Number of protein chains: 2
Amino acid sequence: MTRDREATSRRILEAARELFAEHGYDQVTMRMIASEAGANVALVNRYFGTKAALFAEALATGSTLAAVIDGDPSGLASRLAHRLAVRLQSGVTESVTRMVDRAGTSPEIRAILHAHVEATVVKRIAAQLEGPRPEQRALLAATMIMGTGSVRRLFGPGVIEEVDAEEVEERLREMFAICLRP
Amino acid sequence: MTRDREATSRRILEAARELFAEHGYDQVTMRMIASEAGANVALVNRYFGTKAALFAEALATGSTLAAVIDGDPSGLASRLAHRLAVRLQSGVTESVTRMVDRAGTSPEIRAILHAHVEATVVKRIAAQLEGPRPEQRALLAATMIMGTGSVRRLFGPGVIEEVDAEEVEERLREMFAICLRP
DNA sequence: AGAGTTAGTAGACGCTTGTTTACTTGTCAA
DNA sequence: TTGACAAGTAAACAAGCGTCTACTAACTCT
């Protein structure tokens, strides 16, 4: 057994990120994280303090939505619609929505998530919008992102297979256009 | 202490319905339900078997969304938009979305929720739609209902207060119109 | 009035959780 | 080579969970 604090804590953080994204905060135990990282439970606490602190740190790294949001403002609706349609078809959902969806009701955890979604989704979308109340419209877009995740996870791959992906994408594009327009 | 099995089990069921709707499955304990109903924990198990069975029974009674969905098909988009806008403003969200949002990942519970949402929301909306693939479009509407709940719960009353309720309702109405049209 | 049924209760059972403590062991400077 | 420091481990902690068993007490029927 090679002893490497940096490598170990990095493995722990990666395992935490994947597990939290997949199962949400409550459903993941410190022992699951330790096991996945090939480390001891006590080390997880020693390196990251508490479970909530580890969650916050895992959240700070790994949002792929930002790359979709950033870009040409006029194509934002199309990019978001395409992303959601692809995710519906592939069976994968945004890790952010999974986490929100399964966050549990701990005020501390919801506060951490709130700050993260506000910074990486709402503010980021709002920054591209012109006209009054950009955050209100960005919030509506966030609604659709979150809702897609919830529904997809609840209904599973069975229902979605009967769906015409192109038609859904076109409808989503129009819906995004409505909530993003000035 | 008056002894009335029917009244006691009804109190338990009501307490379960309210608590599950407010906090979700995982966060509600059998002891919370018993305490809220003024009954003993053992009685809850005796009358309803298991926690999951009680959840399923609580779910079967108490969906107020159905009343909004049923009615004139041409006014469906307006009714849904109004409902969501009101709920955003009042700080209350659909109990169905709360439950889904906080369901945890137990396959049994998610299966129960899936069946419930499919029957009381998706199929009910789809029944009003004409044209091809009504369920696909009903699913998009469900996406917005679920998403509104997630976002509202995550952001709390603070952000929503800065929102122009009428403008949001109008945008929601147009978005519903797009996803419901043939 | 007394016996039997049954609503209601107290408490324990086994398990899992996040976290901590006391310990062992590998690594590297002196 | 040795000693000190840090990485890693095993085990226990206290608390909380769903569930079950053994018991008490109120109601009903003869």
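Quick caveat, the model's predicted, so the values are computed rather than measured. Chain naming here is simple, since letters A, B, ... match the order of the sequence lines and numbering starts at 1 in each.
- A/R31 places its CZ atom 10 Å from the P atom of C/dT19, with the value rounded to the nearest Å.
- Atom pair A/L43:CG and C/dC23:P shows a separation of 18 Å (rounding to whole Å applied).
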Go through the steps for B/D72 and B/R79 under the test side-chain contact (heavy atoms from CB on, under 4.5 Å), then give the verdict.
-> CA-CA 10 Å; B/D72 176 25; B/R79 288 199 302 279; 4.2 Å; yes
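- A close approach under 4.0 Å does not occur between any side-chain nitrogen or oxygen of B/T8 and OP1 or OP2 of C/dA7.
- Between A/Q27 atom CD and C/dG18 atom P there is a gap of 11 Å when expressed in whole angstrom units.
- Contact of A/R46 with D/dG8 (side chain to base): a donor-acceptor pair of N or O atoms is detected under 3.5 Å.
- Distance A/I12 CD1 to D/dA7 P: 12 Å, rounded to the nearest Å.
- Between A/E169 and A/R173 there is no salt bridge, since no side-chain N of the basic residue sits under 4.0 Å from a carboxylate O of the acidic one.
- A 4.5 Å side-chain heavy-atom check between B/P182 and B/R137 finds at least one atom pair inside the cut-off.
- Within 4.0 Å (heavy atoms only), A/V28 reaches sugar-phosphate atoms of the nucleic acid but no base atom.
- A distance of 4.0 Å separates CG of B/D70 from CZ of B/R124, quoted to the nearest 0.5 Å.
- Within 6.0 Å of the NE2 atom in B/H82, the count of heavy atoms belonging to other residues, nucleotides or ligands does not exceed 12.
- Of the candidates C/dA10, D/dA22, D/dA10, the closest approach to any side-chain atom of B/A42 belongs to C/dA10.
- In this structure, A/F48 atom CZ and D/dA7 atom P are separated by 13 Å, rounded to whole Å.
- Computed from coordinates, the B/N45 CG to D/dA22 P distance equals 16 Å when rounded to whole Å.
- A straight line from CG of A/D4 to C1' of C/dT25 spans 16 Å, rounded to a whole angstrom.
- Applying the 4.0 Å criterion to OP1 and OP2 of C/dG8, one finds that B/N40 has every side-chain N and O outside that range.
- Look at B/R3 and you won't find any side-chain N or O under 4.0 angstrom from OP1 or OP2 of C/dG8.
- Backbone-only engagement by A/Y47 is indicated by non-hydrogen atom pairs under 4.0 Å involving sugar-phosphate atoms exclusively.
- Spacing between atom CZ of B/F55 and atom C1' of D/dG18 amounts to 16 Å, rounded to whole angstrom units.
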